[in-house]
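Both ligands and their constituent atoms are indexed starting at 1 by order of listing. Please read these numbers as outputs of a predicted model, since none were measured by experiment.
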Amino acid sequence: MQFDVVIVGGGHGGAAQAAQLRQRGFAGSIAIITAEPELPYERPPLSKEYLAGEKSFERMLLRPPAFWAERNVEVMTGTRVTAVDPAAHRLETSAGPIAYGTLVWAGGGDARKLTCPGHDLPGIHAIRTRADVDALKADLGEASRVLIVGGGYVGLESAAVLAKLGHSVTVIEAMDRVLARVAGMQLSAFYEAEHAAHGVTIATNALLTALAPAGGIAKHATLADGRHLIADVVIVGIGIVPSMQPLLEAGATGGNGVWVDDHCRTTLPDVFAIGDCALHANPFADGAEIRLESVQNAADMAATVARAITGDPAPYKAVPWFWSNQYDLRLQTMGLSIGHDQTVLRGDPATRSFSLIYLKHGRVIALDCVNAARDYVQGKALVEQGVVVPLAALSDTETPLKTWHPA
Ligand SMILES: Cc1cc2nc3c(=O)[nH]c(=O)nc-3n(C[C@H](O)[C@H](O)[C@H](O)COP(=O)(O)OP(=O)(O)OC[C@H]3O[C@@H](n4cnc5c(N)ncnc54)[C@H](O)[C@@H]3O)c2cc1C
C-alpha cells in the first residue's frame, strides 16, 4: 500500500490534517492510520458531557462517517504504526508495510501512568480515550468513593461531573494548589473553593506514595505525609506522555515531544509533526520550546502543514486558546501565562464572572476568563499585539477591553 500523504493518528490533529488538505485542493491520496478503533472523535467531552452521560458517542464524531469516503480519505482504524524508515519513506504497521510520500505524525499522547507501588491494580483508570471512559463508567457503582489523582483540568472536570452524579469525590494534588502549572493563584483558589462548595474534597501538597488492594481492586491510598484514603475507583489525571517513539527511533530530534520548526517540519525528510506531541518554539511563550495540549493547537498546526504541502507555506503563529467546563463555569483562556510577572483581577470572583489577566513587562500575555466571554473575545487583540494597558483600566469592568485595541 502507498499514499501520497500518510497521517499517523486520527485525533483532532489527524482529522483536521486530512480535511485541511482537501479544503486546500490537495488531490493526492491520503490515509489516516490510527490505533483507536473509532473514527476521529472529539476528546474534550470525555471528561465532560460524555462522562456525565449527556452526550452520545455518535455526537462526538468530528465528521459524519460518510465525510471520509466522500473526500477520498482512507481511514485505517485499529492500526498502529510501529516503525518509520525515513530513507525508504516506509512505515511498519500492525496491518503491514505502508509507503508514504509525505508523513504527518499526529500521535498525541498516552495518559501518564502512576509509578508508585500498586500502580497497576485493577480499578485504576485514565481519561484519554473513549475506551478509558467506558471502562471507568462500568466500574462506577452507586455513590462510589472516587479518588482523583491530579488537580489539572482533566482531574477537576471529572471531579465536577462525578460530584454532580452523586459520588463522593476526593482530588489529591502533589503541588500546593490545583492548576498550578497552568494558572495563577487567584484562579486556583477560586476553583478550589467552587469544588469545596460542591462537596468535593481537595487535598493539596498530597503526594500519593502507594495503592493497596482490597477485594481485588485498588482500595487504600497512602500519601507521603502518612494520610490514608479509601477509594472504590481511582482516576489518574497526571498529564500525558507524547506518543512519537517510532519517530525518535528513526532519528527525529526530540525529547519531551518531537521537535518541529515553524512550519511543523521534523528533522526527518518529508516528515511533519502536529498537535500534542509537537515540541515547537511558540511565539506566545517568547520562543520557548513547548508542547501545547489543546484542540486549537492541533487544528492550527494542521492548517500550517496543509499550507506547506500545497505550496503556500506560512509559519505557525496562532494565538493559543483553551477552554474548560466545570459545573456552570465556563473558563476560556487566551494566550499563554508562562513567565508572567504580574496578574490583574478584573471583576469579583464572588460574582462567578471575572477574568484574571496576566502581564509580562507590562504587556498583556494571557487572560483566564470565567463566565466572561466578552473579555475573552476582546482580550485576543491585546495578547496578539502584546498591548500595554494601564493597570487601573484593566481592572475596571466598566471599561471594555476593546478600548485598548491597537488602531
Ligand atoms: C479528557 C480530555 C479533555 C480535554 N479537554 C480539552 C478542552 O476542554 N479544550 C481543549 O482545547 N483541549 C482539551 N483536551 C486536549 C485535546 O483533546 C488534545 O489537545 C487534542 O486531542 C490533541 O490532538 P492530537 O491530534 O494531537 O492528539 P489526539 O487527539 O490524542 O490523537 C492522537 C491519536 O493518535 C493515535 N496514535 C498514537 N500513536 C499512534 C501510532 N503509533 N500508530 C497509530 N496511531 C497512533 C492515538 O491512538 C490517538 O487516536 C482534552 C483532552 C482530554 C484527554
Side-chain angles (χ1 to χ4, degrees), residues 6-18 31-52 60 62 75-84 91-95 98 103-112 125-133 136 148 150 152-161 182 235-250 257-258 260 264 272-280 291-302 305 320-326 330-334:
V6 171
I7 299 161
V8 180
H12 282 273
Q17 189 62 74
I32 296 177
I33 304 176
T34 190
E36 287 183 76
E38 295 90 2
L39 288 173
Y41 64 90
E42 286 178 79
R43 234 169 265 290
L46 291 176
S47 53
K48 307 178 182 78
E49 305 93 319
Y50 187 65
L51 179 60
M60 284 160 61
L62 283 164
V75 186
M76 300 172 64
T77 55
T79 308
R80 181 166 285 279
V81 173
T82 51
V84 180
L91 304 175
E92 295 304 328
T93 83
S94 52
I98 294 175
L103 179 66
V104 184
W105 192 274
D110 301 314
R112 187 180 292 282
H125 295 271
I127 301 189
R128 181 72 193 175
T129 64
R130 178 207 189 174
D132 289 340
V133 178
L136 166 63
I148 299 178
Y153 285 121
V154 169
L156 292 183
E157 288 178 351
S158 325
V161 167
V182 288
I235 297 174
V236 180
I238 55 172
I240 63 164
V241 178
S243 177
M244 55 182 185
Q245 205 50 32
L247 272 192
L248 295 195
E249 283 166 4
V258 58
V260 295
C264 298
F272 295 85
I274 60 171
D276 283 13
C277 67
L279 181 68
H280 65 284
R291 289 188 302 102
L292 280 180
E293 294 170 19
S294 71
V295 168
Q296 166 276 319
N297 177 61
D300 284 331
M301 282 188 158
V305 171
W321 55 262
F322 187 80
W323 77 94
S324 171
N325 299 340
Q326 297 167 49
R330 182 161 175 83
L331 168 71
Q332 294 169 289
T333 295
M334 183 65 73

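- For the pair K48 and ligand 1, a heavy-atom separation below 4.0 Å is found.
- Taking any N or O of E157, backbone or side chain, none lies under 3.5 Å from an N or O belonging to ligand 1.
- Within the 4.0 Å heavy-atom cutoff, P246 does not count among the residues contacting ligand 1.
- Looking at V133, V154, N297, it is V154 that brings a heavy atom closest to atom 2 (C) of ligand 1.
- Which of I7, V81, V8 comes nearest to atom 41 (N) of ligand 1 through a heavy atom is settled by distance: it is V81.
- Comparing H12, R128, Q17 against atom 30 (O) of ligand 1, the shortest heavy-atom distance belongs to R128.
- Listed by chain and number, the residues in a side chain to side chain contact (heavy atoms under 4.5 Å, CB included) with D300 are Q296, Y316, A318 (sequence neighbours excluded).
- Between atom 31 (O) of ligand 1 and the options S324, G9, G11, the minimum heavy-atom separation is to G11.
- Atoms of ligand 1 lying under 4.0 Å from any heavy atom of S47, numbered from 1 in the order shown and given with element: 1 (C), 2 (C), 3 (C).
- Proximity annotation for atom 43 (C) of ligand 1: of D132, D110, T79, I240, T79 comes nearest, heavy atoms only.
- Using modelled atom types and a 3.5 Å distance limit, the side chains of Y41 and E36 yield a donor-acceptor pair.
- Residue nearest to atom 53 (C) of ligand 1, selected from L91, L292, L46, I127: I127 (by heavy-atom distance).
- The existence of a salt bridge linking R43 and D276 is excluded, since no basic side-chain nitrogen approaches an acidic carboxylate oxygen closer than 4.0 Å.
- Where the criterion is an N or O separation shorter than 3.5 Å, residue side chain and backbone included, D276 meets it with respect to ligand 1.
- At a heavy-atom distance under 4.0 Å, atoms from both the backbone and the side chain of P44 approach ligand 1.
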